[in-house]
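Let me begin by presenting the structure, written as structure tokens, before commenting on it.
In what follows, chains are A, B, ... by sequence order, proteins preceding strands, each numbered from 1. Note that the structure is a prediction, hence the values are computed from the model and not measured.
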Amino acid sequence: MYFDSPVGRLAAHFDGELLCRLEFLAGPELEQAPERAPVPTKAPMQTLARQLRAYFISPANGFDLPLQPAGTAFQQRVWQALRRIPAGETRTYGELAAQLGSSARAVGNACRRNPLPLVVPCHRVVAASGPGGFCGQTRGPAMAIKHWLLRHEGAA
DNA sequence: TTAGGTAGTCTCG
DNA sequence: CGAGACTACCTAA
């Protein structure tokens, strides 16, 4: 595998399944709506590529990026909480809800809107009984990727 | 398995 | 703005 900026293409050379996820991660959201997700000048992209490469080698390598994903105040709080979940661990929607003084369903809503899956690790959030969802899907290829990520981190 | 409760967001009008 | 209809949910029965 090798990564080549921009991130969307970076995905294209990973293994079959992760490919589409990484494309989603940085492709449409970042490149088509820069005013809503004002990240990608060249240097941060290279940093992201470097950190992604490190993460795939070992999930202990996390992400440290100057992110400013666009979202409501509540969504910002949820995404912030997600970034505090260590690799290899999971939380349920309900646990996060209790921690934020909200409801499980509302947390699920915010996770669904996460524009930077993987970097903001929404894959570490599962339902109390069941796997939850990923990238707006509750089944299909996106879920296969969620499982792959959790396995990669040793959480499954 | 379902029924009802929940909070945040979106869509109409 | 306001009502209603969505959800990557949860708990009790």
Nucleotide B:dA7, atom C1' - distance to CZ of A:Arg77 in whole Å:
11 Å
What integer distance in Å separates A:Arg105:CZ from B:dG8:P?
14 Å
Over all strands shown, is A:Gly136 touching base, sugar-phosphate only, or nothing at heavy-atom distances under 4.0 angstrom?
base
Can you measure from CG (A:Leu82) to CZ (A:Arg77) and round to the nearest 0.5 angstrom?
12.5 Å
Rounded distance (Å) that lies between atom C1' of B:dG8 and atom CZ of A:Arg113
9 Å
Which helical stems does DNA chain C take part in, if a stem means at least 3 consecutive Watson-Crick or G-U pairs with both distances below 3.5 Å?
B:1-5 with C:9-13, B:7-13 with C:1-7
Determine the minimum heavy-atom distance between A:Ala81 and A:Leu96, stating which atoms define it.
CB-CD2, 4.4 Å
Let me know the distance between CG of A:Leu100 and P of C:dC9, rounded to the nearest Å.
16 Å
A:Leu96 atom CG is separated from C:dC9 atom C1', nearest whole Å, by 12 Å
Verdict with reasoning, A:Trp79 to A:Arg113, per side chain to side chain contact (heavy atoms under 4.5 Å, CB included):
CA-CA 10 Å; A:Trp79 299 338; A:Arg113 297 294 208 308; 4.2 Å; yes
For atom CD of A:Gln99 and atom C1' of C:dC10, their distance in whole Å
17 Å
Atom CD of A:Glu95 and atom C1' of B:dT6 are separated, to the nearest Å, by 17 Å
Cationic N near anionic O, under 4.0 Å, A:Arg91 to A:Glu89:
yes
What nucleic acid atoms does A:Tyr93 come within less than 4.0 Å of, heavy atoms only: base, sugar-phosphate, or nothing?
base
Can you tell me how far P of B:dT9 sits from CG of A:Asn114, to the nearest Å?
14 Å
